[in-house]
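Remarks on the structure that follows.
Any value given below was found using the heavy atoms of this structure, including those in side chains, with hydrogens, waters and symmetry copies removed.
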Amino acid sequence: GGAEPGVDVNVAAAWDTYRGAGVRVAIVDDGLEVDHPDLAANVDLVNDHDFNGDDDDPSPGPDDFHGTACAGVAAAKANNGIGVAGIAGGCSVMPLKVANSNGDLGFTAITNAITYAADNGARVISLSLGAEGGTGEGDIPSTDYALEYAYSEGVVIFAATANSNASAIAYPSNHNKVISVGASSPTGQRKS
């Protein structure tokens with residue numbers, strides 16, 4: 001209860017025009033469960049890579065599900081009787097694992113993944129991650145350079161503002177080449 005009409009992304013109307021066919025979306029995260037029912041049979045997975053294991057296995061750790069959820073939000077097909085409907089259910093997904101064996105996401109791996117995505121045909125990079133506490137553009141020059149490079153290659157970059165309801169948003173969502181993404185409540189208010 002309490003939801004307000006019009007406080008959504010109007011994705012059903014967008015689907016009348018486009019569902020993401022031909023777009024490669026890089027999910028830079030903690031890995032991806034490639035055999036997840038919502039993804040395995042219905043989503044084209046391309047150029048997957050693990051930047052800590054330096055191999056082509058993006059499988060998440062036993063407690064890591066975030067990247068799989070993000071891929072579903074982006075790419076799960078609608079009306080197939082399985083799970084959820086993604087925003088762009090016709091896109092392909094490039095799963096890029098940047099988490100180490102402890103589940104930590106380091107900026108060296110993130111930077112390498114951004115560059116790899118741009119070099120391997122990603123049109124969108126999703127970074128549902130970030131550094132809080134005042135980190136900003138100029139603090140991690142190698143990541144700034146990778147973001148600038150991806151942008152110059154025509155890649156649209158999205159990053160999460162963070163989850164702490166702080167007065168400053170996280171890096172890299174505060175970078176000038178990145179589109180910041182935050183959550184709102186069903187009534188259009190900032191999420192706490």
Side-chain angles (χ1 to χ4, degrees), residues 8-106 108-130 146 150 153-160 163 172-173 178-179 181-183:
D8 59 25
V9 295
N10 298 316
V11 73
W15 286 340
D16 290 338
T17 304
Y18 189 64
R19 293 187 185 227
V23 175
R24 185 172 292 181
V25 178
I27 305 291
V28 179
D29 214 295
D30 63 5
L32 187 129
E33 186 183 345
V34 295
D35 58 352
H36 188 283
D38 227 3
L39 301 172
N42 299 300
V43 176
D44 182 26
L45 302 176
V46 295
N47 297 99
D48 40 340
H49 196 76
D50 175 353
F51 287 88
N52 283 295
D54 197 24
D55 57 39
D56 293 334
D57 181 7
S59 299
D63 298 321
D64 298 332
F65 307 105
H66 191 264
T68 302
C70 291
V73 167
K77 291 211 178 347
N79 301 319
N80 62 4
I82 302 171
V84 300
I87 298 294
C91 72
S92 60
V93 170
M94 181 188 294
L96 303 179
K97 181 178 178 180
V98 294
N100 64 21
S101 59
N102 295 325
D104 298 324
L105 302 122
T108 298
I110 293 166
T111 299
N112 291 337
I114 292 167
T115 302
Y116 178 92
D119 286 344
N120 285 279
R123 296 288 35 106
V124 176
I125 296 175
S126 172
L127 300 161
S128 186
L129 50 80
E153 292 295 308
V155 181
V156 177
I157 309 161
F158 294 95
N163 296 326
S173 70
V178 175
I179 298 170
V181 180

[X] versus [Y]: any side-chain heavy-atom pair under 4.5 Å?
X	Y	answer
Pro172	Leu127	yes
Pro95	Asp48	yes
Ile87	Val9	yes
Ile125	Ile114	yes

Donor-acceptor list for residues 72-85 side chains, cut-off 3.5 Å, not counting sequence neighbours:
| residue | atom | partner | partner atom | Å |
| --- | --- | --- | --- | --- |
| Lys77 | NZ | Asn42 | O | 2.7 |
| Lys77 | NZ | Gly89 | O | 2.9 |
| Asn80 | OD1 | Ile82 | N | 2.9 |

Can Arg24 and Asn47 be counted as having a side-chain donor-acceptor contact under 3.5 angstrom?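 Judged by distance alone, the side chains do pair up.
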
List the residues meeting side-chain hydrogen bond (donor to acceptor under 3.5 Å, both in side chains) with Asp50, not counting sequence neighbours, and say none if there are none.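 If we apply the side-chain hydrogen bond (donor to acceptor under 3.5 Å, both in side chains) test to Asp50, skipping adjacent residues, there are no hits.
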
How far does [atom1] of [X] sit from [atom2] of [Y], to the nearest 0.5 angstrom?
X	Y	atom1	atom2	answer
Asn163	Ser128	CG	OG	7.5 Å
Arg123	Glu153	CZ	CD	7.5 Å
Leu39	Thr68	CG	OG1	7.0 Å
Asp44	Cys91	CG	SG	9.5 Å
Leu96	Thr115	CG	OG1	11.0 Å
Leu45	Asp35	CG	CG	10.5 Å

List the atom pairs, with distances to 0.1 Å, where a side-chain N or O of residues 53-62 and a protein N or O form a donor-acceptor pair under 3.5 Å, not counting sequence neighbours.
| residue | atom | partner | partner atom | Å |
| --- | --- | --- | --- | --- |
| Asp54 | OD1 | His49 | NE2 | 3.4 |
| Asp55 | OD1 | Asp57 | N | 2.9 |
| Asp56 | OD1 | His49 | ND1 | 3.0 |
| Asp57 | OD1 | Ser59 | N | 3.0 |
| Asp57 | OD1 | Ser59 | OG | 2.5 |

Minimal non-hydrogen separation, [X] against [Y], with atom names:
X	Y	answer
Asn120	Met94	O-CE, 3.3 Å
Val178	Ser173	CG1-CA, 3.9 Å
Val23	Val124	CG1-CG2, 4.1 Å
Ile27	Gly67	CG2-O, 3.9 Å
Val28	Ala113	CG1-CB, 3.9 Å

Under the side-chain hydrogen bond (donor to acceptor under 3.5 Å, both in side chains) rule, what do His66 and Asp29 come out as? Steps first, then yes or no, please. CA-CA 7 Å; His66 191 264; Asp29 214 295; 2.8 Å; yes

Please report the C-alpha distance between Ile157 and Ile179 in whole Å, then the side-chain angles of each, then the deciding distance to 0.1 Å, and finally whether the side-chain contact (heavy atoms from CB on, under 4.5 Å) criterion is met. CA-CA 6 Å; Ile157 309 161; Ile179 298 170; over 6 Å; no

Is Asp104 reaching over with its side chain to a backbone N or O of Asn100, donor-acceptor style, under 3.5 angstrom?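 Flag not set: sc Asp104 to bb Asn100 has no pair under 3.5 Å.
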
Sub-3.5 Å donor-acceptor pair from the side chain of Asn52 to the main-chain atoms of Val98, do we have one?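 Between the backbone of Val98 and the side chain of Asn52 there is a qualifying donor-acceptor contact (under 3.5 Å).
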
Is it the case that atom CG in Asp8 sees more than 12 heavy atoms from other parts of the structure closer than 6.0 Å?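 Atom CG in Asp8 is crowded, with more than 12 foreign heavy atoms closer than 6.0 Å.
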
